[in-house]
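Below: one structure, written as structure tokens.
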2 protein chains.
Amino acid sequence: MPRRRKGRKRVDIVKMENESNLQVTFSKHRAGLFKKASELCTLCGAEIAIVVFSPGKANKVYSFSHPSVELLVDRFLGRDLPPPNNEGRHNHLLMNH
Amino acid sequence: MPRRRKGRKRVDIVKMENESNLQVTFSKHRAGLFKKASELCTLCGAEIAIVVFSPGKANKVYSFSHPSVELLVDRFLGRDLPPPNNEGRHNHLLMNH
DNA sequence: GATCCTATTATTAGCTA
DNA sequence: TTAGCTAATAATAGGAT
């Protein structure tokens with residue numbers, strides 16, 4: 001029952017060495033990422049698809065999308081028919097990691 | 001040149017009515033989202049693909065991915081060959097908006 | 001092991017340039 | 001436009017439950 005809480009600590013953005021913390025850190029960050037995505041959809045009316053594979057042995061897959069991953073990615077990859085608004089579709093601004 | 005800055009203000013997560021602010025808000029939030037995704041990749045070794053279509057007339061597309069949108073989404077949609085680690089691949093945990 | 005707590009850091013809304 | 005500033009809010013690391 002100690003009252004002294006430690007509070008948040010700064011963390012460098014480098015690969016965590018497989019600690020037991022990694023899974024909980026992954027879950028918390030994933031939740032935060034999906035929340036941000038949801039806010040961007042609601043606030044601005046953006047359309048977003050996210051697919052995440054968890055690290056390590058579990059290797060589970062999680063997704064967030066509005067409207068759907070398949071629709072948005074097919075549109076992104078140019079597999080779709082020309083949409084009503086056909087502008088700006090051929091200058092994909094890639095920001096790959 | 002007034003010194004008194006106003007600082008951040010709380011904002012409700014509801015659809016912004018097409019203000020001139022919407023585009024700048026979208027850009028800032030998108031940058032934040034991609035930064036979070038990058039951190040999740042680096043920190044936890046997760047694999048992430050994001051596709052975002054901007055709202056309104058511009059309707060530009062932006063993406064972040066590691067390793068690639070196509071690879072991850074094909075895996076997500078079950079279009080891939082069975083991966084070395086074949087566990088957890090058929091219980092997709094959907095969290096669609 | 002998912003959720004709560006909270007001190008602390010991280011992000012950002014509105015402004016300015 | 002795009003970028004920088006900073007007060008203020010939002011997110012979260014480590015611990016507790």
Side-chain angles (χ1 to χ4, degrees), chain A residues 1-46 48 50 52-64 66 87-88 91-95 97, chain B residues 1-46 48 50 52-64 66 87-88 91-95 97:
Chain A
M1 57 273 284
R3 296 284 125 282
R4 286 302 94 211
R5 306 306 181 85
K6 300 286 298 304
R8 179 177 191 171
K9 285 179 184 169
R10 192 184 181 293
V11 59
D12 290 334
I13 303 301
V14 295
K15 181 75 167 66
M16 298 177 71
E17 281 320 319
N18 295 345
E19 315 176 18
S20 53
N21 285 349
L22 194 146
Q23 284 297 332
V24 63
T25 296
F26 169 76
S27 291
K28 286 182 171 184
H29 275 247
R30 174 174 46 77
L33 184 73
F34 283 9
K35 184 177 186 216
K36 293 279 189 185
S38 174
E39 293 180 356
L40 185 52
C41 284
T42 303
L43 209 52
C44 300
I48 307 183
I50 305 182
V52 178
F53 285 89
S54 70
K57 199 169 182 310
N59 197 226
K60 288 183 182 173
V61 61
Y62 303 85
S63 76
F64 169 93
H66 174 76
E87 304 176 81
N91 55 334
H92 290 176
L93 304 177
L94 298 178
M95 301 182 69
H97 190 223
Chain B
M1 50 277 291
R3 306 298 141 300
R4 286 303 92 206
R5 308 306 182 84
K6 300 287 297 305
R8 180 178 189 168
K9 284 177 185 168
R10 192 184 181 294
V11 61
D12 292 334
I13 304 301
V14 295
K15 181 75 166 68
M16 298 177 70
E17 281 320 319
N18 295 346
E19 314 176 19
S20 53
N21 285 349
L22 195 146
Q23 284 299 331
V24 63
T25 296
F26 168 76
S27 291
K28 286 183 172 183
H29 275 248
R30 174 174 45 77
L33 184 73
F34 284 8
K35 183 176 186 219
K36 293 279 189 189
S38 173
E39 293 180 357
L40 185 52
C41 286
T42 302
L43 211 52
C44 301
I48 308 183
I50 305 181
V52 178
F53 285 88
S54 71
K57 198 169 183 308
N59 198 225
K60 288 182 183 174
V61 61
Y62 302 85
S63 76
F64 169 93
H66 175 76
E87 303 175 81
N91 55 334
H92 289 177
L93 305 176
L94 297 178
M95 302 182 69
H97 191 224

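Chain letters run A, B, ... following the sequence lines, proteins first, then strands; residues in each count from 1.
B/His29 has a side-chain polar atom (N or O) that falls below the 4.0 Å cut-off from OP1 or OP2 of C/dA13. Proximity of A/Lys6 to the phosphate of D/dA13: no side-chain N or O atom is located under 4.0 Å from OP1 or OP2. Between A/Lys9 and C/dT9 there is no side-chain N or O to OP1 or OP2 distance below 4.0 Å. Dashed line: the shortest gap from a side-chain N or O of B/Lys36 to OP1 or OP2 of D/dT12 is under 4.0 Å.
Of all the heavy atoms in A/Ile48 and A/Ala37, the pair that sits closest is CD1-O, 3.5 Å.
Set against D/dA11, C/dC15, D/dA10, the side chain of B/Arg10 has D/dA10 as its closest nucleotide. Nearest to the side-chain atoms of A/Asn21 among the listed nucleotides D/dG14, C/dG14, C/dT8 stands D/dG14.
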For DNA chain D, please output the secondary structure as dot-bracket, reading 5' to 3'. Pairs are Watson-Crick or G-U wobble, both atom distances under 3.5 Å; mark crossing pairs with [ ], other-strand partners with |, unpaired with a dot. .||||||||||||||||
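With values rounded to the nearest 0.5 angstrom, B/Lys28 atom NZ is found 12.0 Å from A/Cys44 atom SG. We find the CD-CD1 distance between A/Glu39 and B/Ile13 to be 4.0 Å, quoted to the nearest 0.5 Å.
Residues satisfying the side chain to side chain contact (heavy atoms under 4.5 Å, CB included) test with B/Lys9, not counting sequence neighbours, are B/Lys6. In this structure, the side chain to side chain contact (heavy atoms under 4.5 Å, CB included) partners of B/Lys15, at least two apart in sequence or on a different chain, are B/Glu17, B/Asn18, B/Leu22.
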List every contact pair, protein side and nucleotides 2-5 of chain C side both N or O, where the distance is under 3.5 Å.
none

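B/Gln23 comes within 4.0 angstrom of nothing in the nucleic acid, heavy atoms only.
Side chain of B/Ser54 to backbone of B/Asn59: a donor-acceptor contact under 3.5 angstrom is found.
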